[in-house]
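Scope of the values below: all heavy atoms of this structure, side chains included, with no hydrogens, waters or symmetry mates.
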Amino acid sequence: MLKIDNLSCQKGYNLLFNRLSFEVNPGDILRITGTNGSGKTSLLKILSGLDAQEQSCVSLDSHAVKSEAYQEEIFYLGHLSALSGELSALENLEFLTGLNKSTNQIQLIKALSNIGLKGYEDEYCAKLSAGQKRRVILAGLFISNAKVWLLDEPFTALDPDGVAIIERRINKHCEQGGLCLFTTHQSSTLPNQKALAL
Ligand SMILES: Nc1ncnc2c1ncn2[C@@H]1O[C@H](COP(=O)(O)OP(=O)(O)OP(=O)(O)O)[C@@H](O)[C@H]1O
């Protein structure tokens, strides 16, 4: 269980949220909404451990955010594509999944194919469209072993086919006991999603 207990976040003079408490259980899909600047990205960054501050009010099965046990279970998909334009789609995927020793190159090529990037394995990411770049990162997400998916605006830049793929994968992940928290400004057809408004 991902537990958030009395979490507050202040940026400059702006108190984004105060004493926020909620739990996300295995199988849960949590949709986080709010106006621009309400703190959605800030919340996901705290939960991913990217926030510089140590956060004792966040734990996963009693493990603290910065602990190895917590970090092993997290995949954070940021707003902006964390890809190198000078590396190919396959090389970027190798880098993204570098810590997951159980994946080999054949699996990575298959993952790119499954997300609609067959034939783009050796293309420099600088030459890919915004949606194709997004798909490279999603390929990394889908083959990761992370239990907790933290997805910041995952549908951005994706065409309807891309949106359908990710919604299907979120469903499958959570049906198998995973957890997914995602932010979006778009409507979503995901069933059984819980909601958190900031
Ligand atoms: N490093 C930072 N230093 C100062 N202020 C920051 C920092 N990061 C974010 N903020 C501020 O915190 C507020 C919340 O930002 P955040 O990115 O979390 O919002 P959001 O809900 O994800 O917005 P959007 O819907 O536009 O993506 C904004 O006003 C932003 O300017």
Side-chain angles (χ1 to χ4, degrees), residues 1-5 7 16-17 20-49 58-61 63 65 70 72-82 93 96-97 100 103 107 110-118 130-198:
M1 176 185 48
L2 180 66
K3 188 170 180 186
I4 290 85
D5 187 20
L7 175 67
L16 297 179
F17 43 86
L20 189 64
S21 296
F22 61 94
E23 293 172 359
V24 189
N25 290 294
D28 281 350
I29 301 172
L30 182 70
R31 171 193 169 98
I32 303 167
T33 58
T35 54
N36 290 136
S38 58
K40 302 179 295 300
T41 296
S42 303
L43 174 60
L44 286 193
K45 279 191 174 167
I46 291 171
L47 301 186
S48 71
V58 177
S59 63
L60 178 68
D61 299 331
H63 300 296
V65 160
Y70 184 108
E72 274 177 359
E73 298 290 1
I74 298 288
F75 191 108
Y76 172 69
L77 177 97
H79 238 242
L80 304 170
S81 299
L93 192 54
L96 273 175
T97 56
N100 183 358
T103 46
Q107 288 170 303
K110 189 158 178 251
L112 287 173
S113 172
N114 287 345
I115 195 87
L117 291 177
K118 191 172 168 56
Q132 287 170 328
K133 285 180 192 153
R134 200 76 177 156
R135 284 172 185 247
V136 174
I137 301 184
L138 287 172
L141 170 69
F142 297 158
I143 57 174
S144 82
N145 292 322
K147 187 172 170 188
V148 183
W149 290 4
L150 302 172
L151 313 179
D152 201 358
E153 300 191 21
F155 309 123
T156 299
L158 291 179
D159 60 24
D161 170 64
V163 172
I165 291 174
I166 186 168
E167 288 195 336
R168 234 179 6 251
R169 296 301 292 254
I170 289 173
N171 254 325
K172 188 173 164 207
H173 178 67
C174 293
E175 275 169 13
Q176 293 172 343
L179 295 73
C180 177
L181 291 77
F182 72 102
T183 70
T184 188
H185 292 290
Q186 295 170 234
S187 61
S188 157
T189 58
L190 278 167
N192 305 322
Q193 50 181 294
K194 299 180 177 176
L196 172 71
L198 290 182

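Between Val136 and Leu96, the closest heavy-atom pair is O-CD1, 4.2 Å. Taking all atoms of both residues into account, the shortest heavy-atom contact from Tyr70 to Leu47 is OH-O, 2.6 Å. The shortest non-hydrogen separation linking Ile166 to Pro154 is CD1-CB, 3.5 Å. When all heavy atoms of Leu2 and Ile4 are compared, the closest pair comes out as CG-CD1, 3.8 Å. Residues Pro191 and Asn171 approach most closely at CD-ND2, 3.4 Å, considering heavy atoms. Between Leu112 and Ala139, the shortest heavy-atom distance links the atoms CD2-CB, 4.2 Å.
Looking at heavy atoms from C-beta onward, Leu196 lies out of side-chain contact with Leu181 at the 4.5 angstrom threshold. The side-chain heavy atoms of Glu72 and Leu60, taken from C-beta on, include no pair separated by under 4.5 Å. Within the 4.5 Å cutoff, the side chain of Ile29 has heavy atoms near those of the Phe182 side chain. For the pair Phe17/Ile46, a side-chain contact is recorded, criterion being any heavy-atom separation below 4.5 Å from C-beta on. Within the 4.5 Å cutoff, side-chain heavy atoms of Lys147 are placed close to those of Asp61. Using a 4.5 Å cut-off on side-chain heavy atoms (C-beta onward), Asp28 and Leu179 make no contact. For the pair Ile74/Val65, no side-chain contact is recorded, criterion being any heavy-atom separation below 4.5 Å from C-beta on. Leu138 is not listed as a side-chain neighbour of Ile165, based on a closest heavy-atom distance of 4.5 Å or more.
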Dump the intermediate steps for side-chain contact (heavy atoms from CB on, under 4.5 Å) on Tyr76 and Asp152, then the final yes or no. CA-CA 8 Å; Tyr76 172 69; Asp152 201 358; 3.9 Å; yes

Test side-chain contact (heavy atoms from CB on, under 4.5 Å) on Leu141 and Leu151 and set out the steps. CA-CA 10 Å; Leu141 170 69; Leu151 313 179; 3.8 Å; yes

Between Arg134 and Phe155, does the side-chain contact (heavy atoms from CB on, under 4.5 Å) criterion hold? Intermediate values first, please. CA-CA 9 Å; Arg134 200 76 177 156; Phe155 309 123; over 6 Å; no

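No more than 12 heavy atoms of other residues, nucleotides or ligands lie within 6.0 Å of CG in Asn192, so this atom counts as exposed by the packing criterion.
To the nearest 0.5 Å, the span separating CZ on Phe142 from NZ on Lys110 amounts to 14.0 Å. Atom CG of Leu30 sits about 11.5 Å away from atom CG of Leu190, to the nearest 0.5 Å. For the atom pair OG (Ser144) and CD (Glu73), the distance works out to 9.5 Å, reported to the nearest 0.5 Å. To the nearest 0.5 Å, the span separating OG1 on Thr33 from NZ on Lys40 amounts to 8.0 Å. Here the OG-CG distance, from Ser38 to Leu16, works out to 8.0 Å after rounding to the nearest 0.5 Å. Thr156 contributes atom OG1, which lies 9.0 Å from atom CG of Leu77 (distance to the nearest 0.5 angstrom).
Aromatic ring pairs are classed by plane angle as parallel below 30°, tilted from 30° to 60° and perpendicular above 60°; the pair His173 and Trp149 is parallel.
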